[in-house]
**Q** 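For reference, the structure I am asking about is given below.
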Amino acid sequence: MNGKEPNKGSLSKKVLSWHKLNGRHNLPWQKNINPYKVWISEIMLQQTQVSTVLPYFKLFIKKYPNIKSLANAKLEDILELWTGLGYYRRAENIYKTAQILKENYQFKFPKNYEDIINLPGIGKSTAGAILSIAYKKKYPILDGNVKRVIKRLFAIQGSANNDSNLWTLSESILPNKNNDIFSQAMMDVGSLVCTINNPTCSMCPLIKDCKSYKLKLTKIIPEKKKSNLIKKKKIYLLLIQDYKKDNFILMKKNNKEGLWANLWNLPSFSLKKELNNFVLKNKIKGKVKVFKNFSHNLTHYKLDISVFHIKLSNKLIIKNYNWKNIYDKIAISKPILITFEKLIKEIENANGNVR
DNA sequence: AACGCGTGGAT
DNA sequence: TATCCAAGCGT
C-alpha cells in the first residue's frame, strides 16, 4: 500500500512541478554542471546575492575552468579575482581546498559527506548543496531561502526557532529522488515567492501546506533578528605617489587575520596622530592633497575614511612596503578600489589638461 | 554560542 | 538616510 506519508510526498512533488515552470534554469553554474562549478558557486553565494555573484563566477570559471588549473594558482591570484566580492576568507578557503584536492584527491572533488564537510569553507549547508545538486544525493540544505520557507511552512516561532530543529525539518521534507532539483527548487521558492517582505503566497506551491499562511502569520514569521549596534570608526589612508611615476603607489600587504586579510592596503591608521608620526618618521615629503571623505559600511561598523594624497618630491623606500602599479590588477578592498578610481581620474584629468 | 567577516540591493 | 540581510563558515 502506498501513501504512508502523503503530506511529505505530495509536498516535494508540488515543489518539483512548480520548479519546472517557474524556477531559475539559466544561471551560469547550472550549465554544463559539475561538482567543481557547484562548489565554486556555492562558496561565492554564501551571504551574497545571485546578481552580485554572476560576473565574478563567469570570470572565475574562465580563468580556472577546472580543479587542476585552480590548484596551480597562487592565493594572491584568487584574491585578486575576489576583489570587491567581500568575505575574502572564502577565497583563501578555496585556495586551501584546491591544495587538498591536489594532494589527497587526485584533483577529483570527493563524493561523500565526511570528506566534503572537512574541506575548508564548506559547512553543513554548502556540503548539502554540493551533495544534492552535484551528486543528486539525499542531503538537506539550510541556506537563508530554505530557512525562511521552512519557518513559514511549519510556523516556527520562539523556542522552536533554532538551527537544530530547522535542520531536522529540512531533512524531513526531502524526496527520495530528484534531490538535485529539489534543492534548487526550494531555494527558488524562497527567493522568488516566499520573500521576506510581501511574499506572493498566491503563487506558492506550498500554500495549502503552509501553517503561517493558514494562521495569517507570514508577516511575523520569520521573527526579526535583534539589530546590532553599528559603531562608527575613523580610518586615515595615505596615498603616496612615487616622485617619478604617477601610477606607482606605496602599499603593504594586510595581516593573515582580521578585516581584509591578505589584501594589499595603503598605509592605514585609526588616528591622525599615527599618520603624522608615520610621515615624520619616514621623512615623507611632497605636495599634499586631501581627498573628500567617504563612508564605507560594514556589518558592524560605519567607516569614515579620509585619504591624504602625497605626491613625493624624492625617492622613498620603507621596509615592508612595496610600490604597486594602480593599473595592475591586485587584490584590494572596496575602499582602496574607490580611492584608486579617484586617483586614476585625477591622473587622466591632469594629462588631459597638459594637452 | 556569540561574534567577526564585506558588499550591495531593497525598502 | 538608516536598517535589514542575502545560496554561511570558523572560532
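All chains are named by letter (A, B, ...) in the order of the sequence lines, taking the proteins before the strands, and each is independently numbered beginning at 1.
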**Q** Pairing donors with acceptors under 3.5 angstrom, does anything connect the side chains of Asn165(A) and Asn162(A)?
**A**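 Looking only at side-chain atoms, Asn162(A) and Asn165(A) do not form any donor-acceptor pair under 3.5 Å.
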**Q** Is the ring centre of Tyr64(A) less than 6.0 Å from the ring centre of Phe60(A)?
**A**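 Yes, the ring centres sit under 6.0 Å apart.
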**Q** Respond yes when some side-chain nitrogen or oxygen of Tyr88(A) is under 4.0 Å from OP1 or OP2 of dT7(B), and no when none is.
**A**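 Checking dT7(B) against Tyr88(A), a side-chain N or O does come within under 4.0 Å of OP1 or OP2.
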**Q** Any base atoms under 4.0 Å from Gly84(A), or only sugar-phosphate, or nothing? Heavy atoms, all strands.
**A**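 Here Gly84(A) touches the backbone only, sparing every base.
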**Q** Scan residues 327-336 of chain A against DNA chain B and write down, sorted by residue number, each residue with any heavy atom closer than 4.0 Å; if none is found, say none.
**A**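 Per residue number, the list reads Ser333(A), Lys334(A), Pro335(A).
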**Q** Distance only, no hydrogens: is a donor on one side chain within 3.5 Å (strictly under) of an acceptor on the other, for Glu42(A) and Trp29(A)?
**A**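 Their side chains do not contain a donor-acceptor pair, so the 3.5 Å distance test is not met.
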**Q** So do the side chains of Ile133(A) and Ile33(A) get within less than 4.5 Å of each other, counting heavy atoms only?
**A**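 When only atoms from C-beta onward are counted, Ile33(A) and Ile133(A) do touch, with a gap below 4.5 Å.
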**Q** Can you tell me the distance, in whole Å, between the CE atom of Met44(A) and the P atom of dG8(C)?
**A**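 Checked: the CE to P distance equals 15 Å.
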**Q** Leu27(A) near the nucleic acid: base, sugar-phosphate alone, or nothing, with a heavy-atom cut-off under 4.0 Å?
**A**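 Since a base atom lies under 4.0 Å of Leu27(A), the category is base.
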**Q** Could you tell me whether Lys211(A) atom NZ has more than 12 heavy atoms of other residues or ligands within 6.0 Å of it?
**A**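 Count not over threshold, so no.
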**Q** I need the NZ-C1' distance between Lys96(A) and dC9(C), as an integer number of Å.
**A**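 About 12 Å, once rounded to whole Å.
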**Q** Do any side-chain nitrogens or oxygens of His296(A) fall under 4.0 Å of OP1 or OP2 in dG6(B)?
**A**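 No, His296(A) has no side-chain N/O under 4.0 Å of OP1/OP2 on dG6(B).
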**Q** What is the distance from NZ of Lys147(A) to C1' of dG8(C), rounded to the nearest Å?
**A**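 Rounded to the whole Å, the gap is 8 Å.
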**Q** Can you measure Lys151(A) atom NZ to dC5(C) atom C1' for me and round it to whole angstrom units?
**A**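 These atoms are roughly 12 Å apart.
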**Q** So, OP1 or OP2 of dA7(C): does either fall under 4.0 Å of a side-chain N or O from Ser125(A)?
**A**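 For dA7(C), neither OP1 nor OP2 has a side-chain N or O of Ser125(A) closer than 4.0 Å.
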**Q** Do Lys311(A) and Glu346(A) sit within salt-bridge range, that is, some charged N less than 4.0 Å from a carboxylate O?
**A**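 No, this pair does not count.
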**Q** May I ask you to verify whether the side chain of Arg148(A) and the base of dA6(C) hold a donor-acceptor pair under 3.5 Å?
**A**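 By the distance-only test, no, there is no pair.
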**Q** Under the side chain to side chain contact (heavy atoms under 4.5 Å, CB included) rule, collect the residues that match up with Lys285(A), sequence neighbours excluded.
**A**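 Checked Lys285(A) against side chain to side chain contact (heavy atoms under 4.5 Å, CB included); matches are Ser313(A), Asn314(A).
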**Q** Under 3.5 Å, is there an N or O donor on one side and an acceptor on the other linking the side chain of Thr48(A) and the base of dG6(B)?
**A**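 Answer yes: a donor N or O sits under 3.5 Å from an acceptor.
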**Q** Specify the residue among Leu298(A) and Trp167(A) whose closest nucleotide of DNA chain C lies further upstream toward the 5′ end.
**A**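 Nearest nucleotide further toward 5': that of Leu298(A).
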**Q** C1' atom, dG6(B) versus dC5(C): distance in rounded Å?
**A**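 Approximately 13 Å lies between the C1' atom of dG6(B) and that of dC5(C).
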**Q** Heavy atoms from C-beta onward define the side chain here; which of dG8(C), dC5(C), dA7(C) lies closest to that of Val50(A)?
**A**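 Of all the options, the side chain of Val50(A) is nearest to dA7(C).
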**Q** Does Lys253(A), at its NZ atom, have more than 12 non-hydrogen atoms belonging to other residues, nucleotides or ligands within less than 6.0 Å?
**A**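 Count over threshold, so yes.
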**Q** Between dA1(B) and dA6(C), how far is it from one C1' atom to the other, in whole Å?
**A**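 Straight-line distance between the two C1' atoms is 22 Å.
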**Q** Given that Asn93(A) and Asn297(A) both sit by DNA chain C, which one's nearest nucleotide is further toward the 5' end?
**A**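 It is Asn297(A), whose closest nucleotide lies nearer the 5' terminus.
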**Q** What is the distance, to the nearest angstrom, from the CD1 atom on Ile122(A) to the P atom on dT11(C)?
**A**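 Atom CD1 in Ile122(A) sits about 14 Å away from atom P in dT11(C).
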**Q** For Glu257(A) and dG4(B), what is the distance between atoms CD and C1' respectively, to the nearest whole Å?
**A**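 Whole-Å distance recorded here is 11 Å.
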**Q** Just call it for Trp82(A): base, sugar-phosphate, or nothing, with non-hydrogen atoms closer than 4.0 Å on any strand.
**A**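 Counting heavy atoms under 4.0 Å across all strands, no contact is made by Trp82(A).
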**Q** Taking atom P in both dC5(B) and dA7(C), compute the distance separating them and give it to the nearest angstrom.
**A**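 Taking atom P in both dC5(B) and dA7(C), they lie 23 Å apart.
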**Q** Any donor-acceptor pair under 3.5 Å linking the side chain of Asn255(A) with the backbone of Glu257(A)?
**A**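 Such a contact is absent between Asn255(A) side chain and Glu257(A) backbone.
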**Q** Find every protein N or O atom lying less than 3.5 Å from an N or O atom of nucleotides 9-11 of chain B, and list the pairs.
**A**
residue, atom, partner, partner atom, Å
dG9(B), O4', Gln49(A), OE1, 3.2

**Q** With distance as the sole test, does Arg152(A) use its side chain to make a donor-acceptor pair with the main-chain N or O of Ser212(A) at under 3.5 Å?
**A**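 The answer is no, because no donor-acceptor pair under 3.5 Å joins these two groups.
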**Q** Of all the nucleotides listed (dC9(C), dT7(B), dA7(C)), which has the minimum atom distance to the side chain of Arg89(A)?
**A**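 Out of dC9(C), dT7(B), dA7(C), the nucleotide with an atom closest to Arg89(A)'s side chain is dC9(C).
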**Q** Using atom OH of Tyr301(A) as one end and atom C1' of dC5(B) as the other, report the distance to the nearest whole Å.
**A**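 In whole Å, dC5(B) C1' lies 12 Å from Tyr301(A) OH.
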**Q** For dG8(C), take OP1 and OP2 only and decide whether either is under 4.0 Å from a side-chain N or O of Gln46(A).
**A**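 For dG8(C), OP1/OP2 do not have a side-chain N/O of Gln46(A) under 4.0 Å.
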**Q** Side chains of Lys138(A) and Asn176(A) only: does a donor on one sit below 3.5 Å from an acceptor on the other?
**A**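 Looking only at side-chain atoms, Asn176(A) and Lys138(A) do form a donor-acceptor pair, the distance falling under 3.5 Å.
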**Q** Measure the distance from CG on Leu131(A) to P on dA7(C) and round it to the nearest whole Å.
**A**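 One finds 20 Å between P of dA7(C) and CG of Leu131(A), rounded.
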**Q** Is Trp260(A) near enough to dT7(B) that one of its side-chain N or O atoms lies under 4.0 angstrom from OP1 or OP2?
**A**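 Checking dT7(B) against Trp260(A), a side-chain N or O does come within under 4.0 Å of OP1 or OP2.
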**Q** For the side chain of Ile196(A), counting heavy atoms from C-beta on, which of dT7(B), dC9(C), dC5(C) is nearest?
**A**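 Among dT7(B), dC9(C), dC5(C), the one nearest the side chain of Ile196(A) is dC5(C).
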